[in-house]
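Heads up: the structure comes next, in structure tokens.
Counting from 1, the numbers follow the sequence of the chain as shown. Predicted model, so just to flag it, every value in this text is computed and none were measured. First listed ligand is number 1; within each ligand, the first listed atom is number 1.
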Amino acid sequence: MTPPAKSASPFDYVVFGGTGDLARRKLLPALYHRCCDGQIAEGSRIIGVSRRKLSSEAYRTMTREALRDFIPVAEYDQDAADRFVKMLSYVAVDVSGDSGWDKLKKMLPSDDGRTRAFYLAVGPGLFGEICGRLGRHGLATPATRVVIEKPLGRDLKSANEVNATVGAVFSEDQVFRIDHYLGKETVQNLMVLRFGNVLYEPLWNSSRIDHVQITVAETLGAESRGSYYDSSGALRDMVQNHMLQLLCLVAMEPPDSYDANAIRDEKLKVLNALRPIGEDDVETLTVRGQYRAGAANGGAVSGYLEDTSLEQSNTETFVAVKAEIANWRWAGVPFYLRTGKRLPARFSEIVIAFKQIPHSIFPKNAGAIHGNRLVIRVQPDEGVKQWIMIKDPGSGSMRLRHVPLDMSFAEEFQVRHPDAYERLLLDVIRGDQTLFMRRDEVEAAWRWIDPIRDAWETSGMAPKPYISGSWGPSAAIALIERDGRAWHGE
Ligand code: BG6
């Protein structure tokens, strides 16, 4: 039996952007679940902050609605929701002016040792301003933490600026940079799979691994986030953060402990070892795409330009990259990454493709021998499949089959899979930065991404159109097939 997680001492969570989409969809439901699990000690407070004039009572009503809208019916409990909303209050604050700050300060207990977290669920343009005012209004106590979300800049230069403005008020151990992929169960499981078993580590290198694939496929399009998305694109939105974090966890050396800095030191080494991609090879190592009208989610859908009401756009909604890590463990092992919107299915998956056996003892008519594959399904249907060769049962002649040893976490553990935010929000309170990005990691990721974007610009490499509901431009298939390999499952 797994021991229950320790409940944190009473704390104060202040959510800037408290009436916004992220708060309603993710943050408040996540805190509700932790409250149901008994993880939020009595006496804790959750304070919603935004510019809107709203009473605390109206905020509680808005939160109840959000819980009903975004929590599956089976997980919603009226009594628990009543207990949860009692912790909530609200204050209107002008983040670019001086009104509301004193009121906010009065709402927070003056005890300097009590943990206080400010979650900035607002645009990154406001991070510096809010942090500056938290400092000037005496709200940044030594036990204060600040949580920021991507986009952390749009290139290395702007990321440095964001980090510097936040860093002017908070020390690095007070800053929690969320990458919600790190809060996903299976992503954490990747570390346990690698470092909690003796089985894989001896094989985890270029002598046994042929290549790695990381796919994050989405069926949705740009939806209502057109203006943000068009200034970002898939490379910045997904690869710079989520996908590179997954790559780091696959590729890093074993850290000496499950300690935040030990792990982040190892991830940083991977990012620094990524072979740069520039003008000379950007056309052979990367593919950009933009979806057109087609069929997805069971119906006809429009294209990116119609979705965003733009006449023209050079923003990619799909990207595939063949990356390489220039170190002893990984030299010569390609890491194929691909992510896109409006693809045929929604899933995130890491595939470790092992090399072929050196020599077959079996007769030719026994069938092909496939390389072993370890498939880590991040979402949905979280689980792990280890593909192996076996003998087809029966008394006839020898026949070989490629089958998965299949472990579905839902079937094995029969527990609800918590949303990534549920874990991350309370890690902030516990002061555990293991699943958060350190400043140097964010910067190293941009250092690899920026030259790719620059090369796209200088070489005029526009996104190739692809039909919604397809697997992206055919060039993405050619990217891997050129090497005599194929995307897993295709
Ligand atoms: C976000 C991106 O970080 O991750 C979105 O900005 C994307 O564009 C989302 O849709 C995907 O997250 P998940 O958890 O649904 O895979």
Problem - Check: Phe318 ring centre within less than 6.0 Å of Tyr291 ring centre - result: no
Fill in the blank from the handout: Within 4.0 Å of some non-hydrogen atom of Glu218, the atoms of ligand 1 are 7 (C), 10 (O), 11 (C)
Completion exercise
One finds that the ligand 1 atoms under 4.0 Å from a non-hydrogen atom of His242 are 1 (C), 3 (O), 4 (O)
Handout entry: Parallel, tilted or perpendicular: rings of His180 and Tyr421 (30°, 60°)
Key = parallel
Exercise for the section: Establish, yes or no, whether a centroid distance under 6.0 Å links the rings of Tyr336 and His211. Expected result: yes
Problem - N or O contact, Arg346 vs ligand 1, cut-off under 3.5 Å - result: yes
Exercise for the section: Give the residue and atom name of whichever protein heavy atom lies nearest to atom 12 (O) of ligand 1, and the separation in Å to one decimal. Expected result: His180 NE2, 3.2 Å
Practice task
Taking atom types as modelled, find out whether Glu316 and Tyr304 have a side-chain donor-acceptor pair closer than 3.5 angstrom.
Solution key: no
Practice task
For atom 16 (O) of ligand 1, grab the closest protein heavy atom and report residue, atom and distance to one decimal in Å.
Solution key: Tyr181 OH, 2.5 Å
Exercise for the section: Using a strict cut-off of 4.0 Å, indicate which atoms of ligand 1 neighbour a heavy atom of Lys341. Expected result: 5 (C), 7 (C), 8 (O), 10 (O)
Exercise for the section: Compute the shortest N/O to N/O distance between Lys184 and ligand 1 and return yes if it is under 3.5 Å, no if not. Expected result: yes
Handout entry: Ring-face cation of Arg275 near Trp330 (centre distance under 6.0 Å, axis angle within 45°)
Key = no
Practice task
Would you check if there is a donor-acceptor pair between the side chains of Ser158 and Asp155 at a distance under 3.5 Å?
Solution key: yes
Practice task
Can you pull out the closest protein heavy atom to atom 8 (O) of ligand 1? Residue, atom name and distance to 0.1 Å, please.
Solution key: Asp237 OD2, 2.6 Å
